[in-house]
Amino acid sequence: MAAFGSFALLIALALAAYNLFAGTIALRLIATGQPARISPERLADTARRAGIASFIAVTGAAFALVWSVFNNDFSITYILEHSNRALPAPYKFAALWSGQEGSLLLWAWLLGAYGFVLRLTHKTDVKLYAYAGTILAGVQVFFLAVVNFAAPPFSLLRGAIPEDGNGLNPLLQYPEMVIHPPMLYLGYVGFTIPFAFALGALMMRYPGEKWIKITRGWTMVTWLFLTMGIFLGMHWAYAVLGWGGYWGWDPVENASFMPWLTGTAFLHSVMMQERKGMMKSWNVWLIFSTFMLSILGTLLTRGGLVSSVHAFAQSSIGNWFIAFLVFVLAVCIFTYILQRSHLKSEQHLESLVSRESSFLFNNLVLLAACFVILWGTLFPILSEYVQGSKVTVGPPFYNRVAVPIGLFLLFLTGVGPLLPWRATSLRAIRRNFVIPAIALWATVIVCLAVGVRPWKNGSLDAGDFYALVAFALSAGVFTAILSEFLRGAGVIHKQTRRNLFAAMYLLIRRNTRRYGGYIIHIGVVIVVVGLAGAAFNRSEERELPLHGTLPIGPYTLECVGFTQDSNLNYNSEYALLDVYRDGKKQFQITPEKRVYLASEQPQTMVAIHSVPGWDLYVVYEGTNPDTGQPIIKAFLNPLVSWIWAGVVLMVIGTFIALVPSLAPATATVRVPARQSAPIEPALKGGD
Amino acid sequence: MTETQGFIAGVMLAIALGIYTFWPENGFASQREKTRLEYLLERKEQLYENLRDLNFEYRAGKYPEEDFITQRTLLENETAQLLAEIEHLQQA
């Protein structure tokens with residue numbers, strides 16, 4: 001299969017290159033109207049079909065690699081290094097993206113799949129899709145060149161072929177790892193689509209803003225995949241790494257978060273362009289940046305630029321990515337300079353207190369957060385380049401800057417929907433903000449009453465203070481969004497006499513984008529509440545002999561035994577811990593430590609008991625070499641399950657926003673013109 | 001699968017994809033340039049949507065009456081200008 005896989009990759013590269021060059025020539029001929037021996041439309045169509053054919057060839061290569069993994073073909077170096085005979089089937093599948101070569105093949109395959117759908121639906125807007133398809137082909141040529149020449153997944157082993165492989169990295173042998181990387185990659189790769197449409201629309205000076213409507217679904221689906229990928233990664237880190245947390249501001253985590261921030265900014269600000277023809281240059285650069293940050297993310301994850309617990313593959317392909325990033329930036333700048341007259345705003349900001357300005361602030365805050373994270377992520381590289389020694393930036397730096405930024409963003413999440421478009425009067429502010437403000441201050445009082453203390457021993461406790469602000473803002477934002485639903489449902493109730501729930505349903509169906517968005521905001525609020533819970537985390541660690549006890553929070557853990565198990569893939573040791581609350585046994589928890597046979601690497605399997613109020617999180621750390629006693633570390637992490645619940649709501653909200661709204665009922669009333677005046681162009685734009 | 005079989009399968013794939021790509025077909029899609037009228041009709045839909053939103057938010061109690069009247073007048077004027085240009089282009 002190695003020969004077939006390599007050959008399929010070469011075919012895919014040739015077809016993608018044809019798609020790029022024939023597509024470029026055809027679009028140039030169409031744009032200039034030059035006569036040619038072949039019809040430009042016919043040439044463009046062969047380019048489109050070459051793009052589809054390229055996807056089929058990459059699929060063949062991906063199939064060849066998966067086939068070889070399942071058939072234990074250890075003559076292929078990649079499979080020898082990332083699989084073994086005893087590896088369970090789902091993880092054999094995951095071996096496709098566990099190493100650099102395979103994950104780059106996955107990138108190319110996913111891009112091909114997105115392009116396949118795009119090229120099949122080209123009749124939506126033939127010319128715009130031809131531009132987007134050609135730009136996609138350019139990106140595909142780069143990735144296929146990398147997998148063909150710099151990181152080939154089908155390299156053959158020289159010398160004798162071993163009986164068994166080295167096995168998959170134990171950190172990756174966890175159920176979420178079968179879906180987290182593809183989700184993340186679907187997000188990274190997916191941003192190529194809105195990027196291609198934005199760049200194509202700019203190149204062809206697309207008249208109007210319809211291209212945004214065309215790409216909205218693509219952008220939201222991509223954003224959804226990236227969101228799910230990030231949170232699945234958080235859950236994996238929480239359940240596997242055994243340090244009790246879910247986010248450590250690791251460079252690879254940051255790499256996924258940065259395009260999410262700019263993509264989120266784009267999803268908001270693009271509404272201004274759609275509604276009012278504003279912020280065109282801003283939006284174009286937001287989506288350009290998002291795409292480049294996605295490439296940077298892939299470079300950080302796969303290129304070996306930074307060291308990280310998440311960077312499972314490192315190599316010297318970094319130079320390829322850096323060259324590609326520079327090339328993409330040059331193309332973006334060149335196109336922008338050439339076509340910037342097309343991006344003039346049709347209207348201007350009328351007031352600093354309006355829905356438009358809230359979007360603008362939201363964008364500035366998201367970009368500030370992105371810049372801080374980018375600075376912190378690249379600082380070790382820059383410091384090494386300038387000073388010769390690597391200075392690492394740790395979580396305290398990010399927490400000090402990102403937490404206040406995040407809270408301000410949460411504040412804007414509540415304020416934005418309450419502000420009307422164009423301008424807001426003082427009376428409107430009073431009318432819309434009273435109830436959320438009451439909810440906010442009531443929450444402050446309740447939090448103080450139940451023991452949240454933002455000041456301790458005469459000084460401010462940053463953790464408790466931020467938690468208090470987060471809870472209070474969350475209550476205010478939740479009330480603001482809820483009031484939006486209730487007011488809207490109230491109008492529908494008056495119009496149709498439906499009950500509140502039916503009115504709420506109809507309200508959402510009438511404007512799925514807006515109310516789906518509000519549901520996503522509620523999800524964000526719930527996530528923030530869960531994150532704020534980290535301020536109250538507790539942990540205890542001790543040696544725990546048989547019948548020894550470990551109290552933590554309302555629980556007491558009693559060790560009732562240790563046991564061992566083994567299978568073809570790993571040996572494991574368990575601690576059997578009975579958990580008591582108020583003197584009564586509640587359940588048994590079994591933290592585990594595994595040693596994988598092929599790689600001879602140990603791995604902790606955390607035991608988690610989750611309830612809405614907190615997680616009991618127990619780690620079996622092995623035995624103390626001096627005393628021979630087992631060491632147990634227990635954490636009580638408040639509100640963690642709220643994070644995962646919030647994500648589920650964000651996913652539901654995104655699905656709702658993707659559903660088309662009900663068509664509005666319209667009636668035409670003709671009135672005579674008051675005066676006949678010479679007709680001036682009503683709107684700028686559309687050139 | 002041996003190396004030779006893999007190579008043969010690859011050649012067959014290349015031939016099949018080449019035929020698909022370059023198969024002469026007359027039914028390919030083409031598109032004429034978008035006119036200003038089409039652009040204005042798209043904008044008209046957006047302005048109607050903005051007006052519908054404004055009315056709905058007023059009924060939901062988000063706007064005091066004076067604010068609503070000011071905003072509606074601005075939007076209606078913008079829409080009226082646009083409709084006039086559409087009518088002009090349609091008659092021309």
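For the residue pair B:A14 and A:I11, the shortest heavy atom distance occurs at CB-CD1, 3.6 Å. Shown here for B:A9 and A:F4, the closest heavy-atom pair between the two residues is CB-CD1, 3.6 Å. Here the closest heavy-atom approach between residue A:E274 and residue B:R43 is recorded as O-NH1, 3.5 Å. For the residue pair B:D53 and A:R275, the shortest heavy atom distance occurs at OD2-NH1, 2.7 Å. Considering every non-hydrogen atom in both A:N432 and B:G61, the closest pair reads OD1-O, 4.0 Å. A:G488 approaches B:A60 most closely through the heavy-atom pair N-CB, 4.5 Å.
Within the 4.5 angstrom heavy-atom criterion, atoms from both the backbone and the side chain of B:N50 approach chain A. In this structure, chain B has a heavy atom under 4.5 Å from the backbone of A:L418, while its side chain stays farther away. Only the side chain of A:N511 comes within less than 4.5 Å of a heavy atom in chain B; its backbone stays farther off. The part of A:L507 that comes within reach of chain B is its side chain, from C-beta onward, which places non-hydrogen atoms under 4.5 angstrom from that chain. Using a 4.5 Å cut-off between heavy atoms, B:Q5 makes no contact with chain A at all.
Taking A:I52, A:L15, A:L486, A:L10 one by one and counting their heavy-atom pairs under 4.5 Å with chain B, the maximum is reached by A:I52. Most heavy-atom pairs under 4.5 Å with chain B: of the set A:M204, A:E484, A:K213, A:R48, this distinction falls to A:E484. The choice from B:L75, B:T70, B:L54 that makes the most heavy-atom pairs within less than 4.5 Å of chain A is B:L75. Between chain A and the options B:I86, B:L17, B:L13, heavy-atom pairs under 4.5 Å are most frequent for B:L17.
Within 6.0 Å of CD in B:E65 there are 12 or fewer heavy atoms belonging to other residues, nucleotides or ligands. More than 12 heavy atoms of other residues, nucleotides or ligands shown are found within 6.0 angstrom of NZ on A:K276. The neighbour count for A:L482 CG, taken as heavy atoms of other residues, nucleotides or ligands under 6.0 Å away, is above 12. More than 12 heavy-atom neighbours from other residues, nucleotides or ligands sit within 6.0 angstrom of OH on B:Y20.
Rounded to the nearest 0.5 Å, atoms OG (A:S354) and CD (B:Q71) are 9.5 Å apart.
Counting heavy atoms from C-beta outward, A:I492 and B:F56 have side chains that approach closer than 4.5 Å. A:Q495 places a side-chain heavy atom less than 4.5 Å from the side chain of B:R59.
A:F7 and B:F7 have tilted rings, their planes meeting at an angle from 30° to 60° on a 0 to 90° scale.
Paired with B:E57 under the rule salt bridge (charged side-chain N to carboxylate O under 4.0 Å, His left out), one option of A:R514, A:R431, A:R487 passes, and it is A:R514.
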